[in-house]
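Only one structure is covered here, and it is reproduced in the block below.
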2 protein chains.
Amino acid sequence: MIRFSKMADYGVLLLGHFTQNGNALVNTAGLAEQYHMPRTVVANLLKEFCKAGLLESRRGLHGGYRLLRAPDDISLLDMLSVIDGPVQLTDCAAEDIIHQCDYSDVCHSRSPMRAVNQRIVDFLGQMTLSELMNDVAPATIAPLDTSTSTTS
Amino acid sequence: MIRFSKMADYGVLLLGHFTQNGNALVNTAGLAEQYHMPRTVVANLLKEFCKAGLLESRRGLHGGYRLLRAPDDISLLDMLSVIDGPVQLTDCAAEDIIHQCDYSDVCHSRSPMRAVNQRIVDFLGQMTLSELMNDVAPATIAPLDTSTSTTS
DNA sequence: CCCAAAGAGGACTAATCCAGTGCTCTTTCC
DNA sequence: GGAAAGAGCACTGGATTAGTCCTCTTTGGG
Ligand code: FES
Ligand code: FES
């Protein structure tokens, strides 16, 4: 089954919460209780988002987290990248891979696969946190264009 | 890292090979050698594709596999489904899930997430094996449409 | 001034999943 | 009848992931 990690699910849920709280500070314990998730898991996730610059934190008594960027300036890709790392559907899908993989001599789909990967990355990058919370329908992903070359 | 399984990579590579061989029978040992993959792995993959109706097999001496459907009638989604199972980016992304997940009471992104999932499924479903072998550029994935509802 | 509440930063563990292996059975051809 | 090839499983070792735990720092309040 092709799936984001469970942590990513949690992460989206939690970040979603911050869009509903203005810029008030929200603490780990409260979130863990409200979303019935393990406290430690929530703590780890928020720490990661904080390091990645999606949230800002306030330590000490009455501390907590709040969004650092606007909900429509945070993409699904941003969130996923923090937790699941880059979208790299196949080994040689990474944009910056120059050195060929073990199968480059016999593989004829390197370039199309990279293009597929890029389409999905772009799509996830266009999907914002606000849209995720607003029940909108995502755009469709256009099929491959068999004559134009839009990627490297 | 968000990734298809390694087996899926192998699978695409192998199916790709069949597009270049007309309808000649190709056997496991030969493929394994040519693609320097473990014989057992190739065998397992081809068996799966065969069960799924993408390949047909001929047993016995001089047996082997060949494509059962035309290369432009086999989508990337077909191949991935056989090996990695359904694309279900989050637990509640499955189309047929009626019963709500553990977080449905606090989650506001169920519907958009399912739509995201569906867009990706559609995209993978449009990508054919021929296109994968022809170095074409995949279509773009259009951004979310915030007014129209194109999904359930 | 000291304590409690909260985040920071790691390391760690248990359980799950996946890639790869192995074996036996059946089919087919010569 | 024997060898080559696929069918059908069940299994294992290693990697990955979910979740835990502990200690340190920061902050505010009494
Ligand atoms: S699998 Fe790496 S070049 Fe195709
Ligand atoms: S996570 Fe299941 S309803 Fe949103």
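Here is the naming used below: chain letters follow the sequence lines, and residue numbers restart at 1 for every chain. The structure presented is a predicted model; accordingly, all values stated were derived computationally and were not measured.
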Practice prompt. With the side chain of A:N44 defined as its heavy atoms from C-beta on, choose the nearest nucleotide among D:dG8, C:dG7, D:dT20.
Written response: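 The answer is D:dT20, which lies nearest to the side chain.
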Practice prompt. Give the nucleotide from the list D:dA5, C:dG20, C:dG7 with an atom nearest to the side chain of B:N27.
Written response: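 So the side chain of B:N27 is nearest to D:dA5.
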Output yes when at least one side-chain N/O atom of [X] is less than 4.0 Å from OP1 or OP2 of [N], else no.
| X | N | result |
| --- | --- | --- |
| B:S57 | D:dG6 | no |
| B:R3 | D:dT16 | no |
| A:Y10 | D:dG19 | yes |

Worksheet item: Taking atom types as modelled and ignoring hydrogens, do the side chains of B:D84 and B:S5 form a donor-acceptor contact shorter than 3.5 angstrom?
Response: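 Yes, because at least one side-chain N or O of B:D84 sits under 3.5 Å from a partner of the opposite role on B:S5.
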Fill in: Value rounded to 0.5 Å, distance of OG1 in B:T128 from CG in B:L76
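One finds 9.5 Å between OG1 of B:T128 and CG of B:L76.
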Worksheet item: Honestly curious: do A:M113 and A:Y103 fall in one hydrophobic cluster under the side-chain, below-4.5 Å linking rule?
Response: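 Same cluster.
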Worksheet item: Is any N or O donor-acceptor pair between the side chain of A:D84 and the base of D:dT17 shorter than 3.5 Å?
Response: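 There is none.
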Worksheet entry | Donor-acceptor pair under 3.5 Å, B:R59 side chain vs C:dT28 base |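 Answer no: no donor N or O sits under 3.5 Å from an acceptor.
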When the distance from [atom1] of [X] to [atom2] of [N] is rounded to whole Å, what number comes out?
| X | N | atom1 | atom2 | answer |
| --- | --- | --- | --- | --- |
| B:R58 | C:dT27 | CZ | P | 14 Å |
| B:L61 | D:dG1 | CG | C1' | 13 Å |
| A:E48 | D:dT17 | CD | P | 14 Å |
| A:H62 | C:dG7 | NE2 | P | 12 Å |
| A:R66 | C:dG7 | CZ | P | 13 Å |
| A:E33 | C:dA6 | CD | P | 12 Å |
| A:L45 | D:dT17 | CG | P | 14 Å |
| B:F49 | D:dG8 | CZ | P | 16 Å |

Fill in: Pair B:R69 + B:D78: basic N to acidic O under 4.0 Å
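B:D78 and B:R69: salt-bridged.
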Discussion item. Under 4.0 Å between a side-chain nitrogen and a carboxylate oxygen: does that hold for A:D9 and A:R3?
Written reply: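 Yes, A:D9 and A:R3 are salt-bridged.
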Worksheet item: Which residue, A:M1 or A:Y65, contacts DNA chain C at a nucleotide closer to its 5' end, judged by nearest heavy atom?
Response: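 The residue whose closest nucleotide sits nearer the 5' end is A:Y65.
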Discussion item. Here's a test of your reading of the structure: between A:V41 and B:G60, which maps to the more 5' nucleotide of DNA chain D?
Written reply: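 The residue whose closest nucleotide sits nearer the 5' end is B:G60.
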Discussion item. Under 4.0 Å, counting only non-hydrogen atoms across every strand here, what does B:T40 touch: a base, just sugar-phosphate, or nothing?
Written reply: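 Base contact - B:T40 has a heavy atom under 4.0 Å of at least one base atom.
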Worksheet item: Looking for any heavy atom pair under 4.0 Å, which part of the strands does B:K6 touch: base, sugar-phosphate only, or nothing?
Response: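 It contacts sugar-phosphate atoms only.
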